[in-house]
2 protein chains.
Amino acid sequence: MKLPSSRPDRPPTSVDVARLAGVSQATVSYVLNDAPGVRISDETRAKVRAAADELGYAPHASARALKTGRSDLVLCPVPDVALGPLFGIWIRELTARLGELGFRLVLLQGDAAERGVAAARAWAEWRPAAVLVQADRLTRAAVRQLHAAGTAAVVAIGPEPSALTPTLVFDDVAIGRAAARHLAERGRVRLAAVVPSEPVLGDFGERRFGGVAAEATARGLPVERVDLAFDEAGAAAVAARWAAAPDRPDAVFAYNDEYAVLMLRALQDAGLDVPGDVALVGADDLPWAALLRPRISSVRIIGAGSAGGTADWIGGLIRDRERSPAVHRELTRVEIVPRESS
Amino acid sequence: MKLPSSRPDRPPTSVDVARLAGVSQATVSYVLNDAPGVRISDETRAKVRAAADELGYAPHASARALKTGRSDLVLCPVPDVALGPLFGIWIRELTARLGELGFRLVLLQGDAAERGVAAARAWAEWRPAAVLVQADRLTRAAVRQLHAAGTAAVVAIGPEPSALTPTLVFDDVAIGRAAARHLAERGRVRLAAVVPSEPVLGDFGERRFGGVAAEATARGLPVERVDLAFDEAGAAAVAARWAAAPDRPDAVFAYNDEYAVLMLRALQDAGLDVPGDVALVGADDLPWAALLRPRISSVRIIGAGSAGGTADWIGGLIRDRERSPAVHRELTRVEIVPRESS
DNA sequence: TTGTAGGCGTTATCAA
DNA sequence: TTGATAACGCCTACAA
């Protein structure tokens, strides 16, 4: 058994551990990985572990990935980490459960413009076990690229099942629908819905608006679409226009609670009563929304607790190298928190 | 020149590219890495690039890391990705600038309890070029572990320079100080400061409270500390107590804008006038805070735009393998946005 | 029960 | 200007 001598300025390797423990390098690997089907004396195991500890040995993940042809990484490129409190909770639980399954979730905050096959190639360099990304950043070529690089599961996150790959469905449409239903059931007959004019939020806004429109159409109610940046002047202009129009909307779905407070102030400043003249519904049930006066009704997504189920599903996709489109629905149950504003 | 034949079920390698281009594998490496000091004909370069494109070749990052002994990863373990809008912006800019320098920032959302040398060993497995982590998750042994694994820069993020390693200083103390100064200069004489009773926010709260206390002490003013969860009942209890006490605080620093609206409602419901009886200052200048009535004054951190400077600093640390404690101050300039509430 | 040896895909040195 | 070749650290048959 001859082992190469270690270079002093390099991180310790399993060979260093082996030398210190007086065993072969293979034994080190067996012990530290609890290799099945290999019987090693407890005494040897103890020696190996002690040596690894003493050297502060950390196995080289890249070497392992190179050898095994796969990493335990689950890549999740996000457009913005500040997507709100709900997202934080969801990611935390997903990370935890994937960790139990032996995977490591890492977030890449990149440009949302980083999409398609070029982005896929960059993600593929680390040979992740799975990639979890917004559906609209994937193309057919991107999915193919990732599969070619050995990524077992390419999971789209989107409002509807993708034709390309398994999809994790977050149903923003249902949020808009719930808001519209709530307002209609309370006797409102002319709806409006705000769509944020911001790049990241815009896509979600389109979906939520779509839900409002679908529900309203089904009930034969008109819907006004209001494209709005988060900015007082714009909101004031809309409110002023409504104040002067006899056929103004009598109910507004404001996209989320932040836009709801924006609209609330604008409506009030324009002399309109909320909810007397105009009812108002936000979404996401942000903690501070209940503190406004009048309190803002909010559509709340339920089921953030089931990130564990998502993790298990992803784990299954990785194991089975599932490629045909499959669907997992998450965060699609929705409920309204009625408050004074509607 | 003999090249092994490729296995059909494996991702394409540089050997596959070489075979397709009709050159040697080394040439592929030279071309794709723009190797300096190597002259290769434009014709060959074109052939190689075309072949790589055709195969969808993505270099194997693990193999490169193994060979070079270092990855281009900058690891940033965070306790919670939903740290607020400011954090999102900062991370985005940091990512962009580090990308220009050739590094890839990845966020690991883990347990905040994952700390010390055990956590360091897990981070070290990927042999990151740098690790960027909250100061209180590092110990001397953890820093040593990372250095031993070849991590060039271990950067602590904290309220004050660490004795262990270079530190990125985010000065929450300055926020509290600015709030106290503002209130004192407006003639307020009995201060109170809210400290959130939540795990992640709590640490920041302590610092901000410390700033209030320091400034108040310097001016000979008393400070009441209010530990508070984000919950209406608790806030109401505090407000009720104050309403009944003649020597109640005449000014409150509410930790941030969310807690400010919580206190605002509680104070109003208890019959106290804001800012007549009690002035109120929040922090972080969240966009919707200006929409409340009365509008909430806020302490704003300036300099989120300088994440680029931080990236350059980290790049320098990596290049120089700096190990003696050095400091970079970021987000320490602070200004007050005065509104009706104070 | 433990050791030997080959190879994962890349980079970089040295010949040609 | 390009090609052969030797590591990098680890895993895992297979041999002892």
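So you know, we letter chains A, B, ... as the sequences are listed, proteins then strands, and number each from 1. Any value given below was found using the heavy atoms of this structure, including those in side chains, with hydrogens, waters and symmetry copies removed.
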A:Gln25 atom CD is separated from D:dA7 atom P, nearest whole Å, by 17 Å
Quiz item: B:Lys67 side-chain donor-acceptor pair to C:dA12 base, under 3.5 Å
no
Picking from D:dT2, D:dG3, D:dC10, the nucleotide nearest the side-chain atoms of B:Val23 would be D:dG3
When rounded to whole Å, the NE2 to P distance for the pair A:His60 and C:dT10 reads 15 Å
- Query: Thinking salt bridges, do B:Arg121 and A:Asp53 make one under a 4.0 Å N-O criterion?
  - Reply: yes
Taking D:dC8, C:dT4, C:dT11 as options, the one with an atom nearest any side-chain atom of B:Leu66 is D:dC8
Considering only heavy atoms and no angle criterion, is a donor-acceptor pair shorter than 3.5 Å present between the side chain of B:Tyr30 and the base of D:dG3?
yes
What nucleic acid atoms does A:Arg39 come within less than 4.0 Å of, heavy atoms only: base, sugar-phosphate, or nothing?
-> base
Check: Contact class for A:Thr44 vs. all strands (heavy atom < 4.0 Å): base, sugar-phosphate, or nothing?
Finding: sugar-phosphate
Phosphate OP1/OP2 of D:dC11: any A:Arg64 side-chain N/O under 4.0 Å = yes
- Message: Over all strands shown, is A:Ser41 touching base, sugar-phosphate only, or nothing at heavy-atom distances under 4.0 angstrom?
- Response: sugar-phosphate
(Q) Measuring to OP1 and OP2 of C:dG3, would you say a side-chain N or O of A:Thr27 lies under 4.0 angstrom away? (A) yes
| B:Asp34/B:Arg45 ion pair, N-O < 4.0 Å | yes
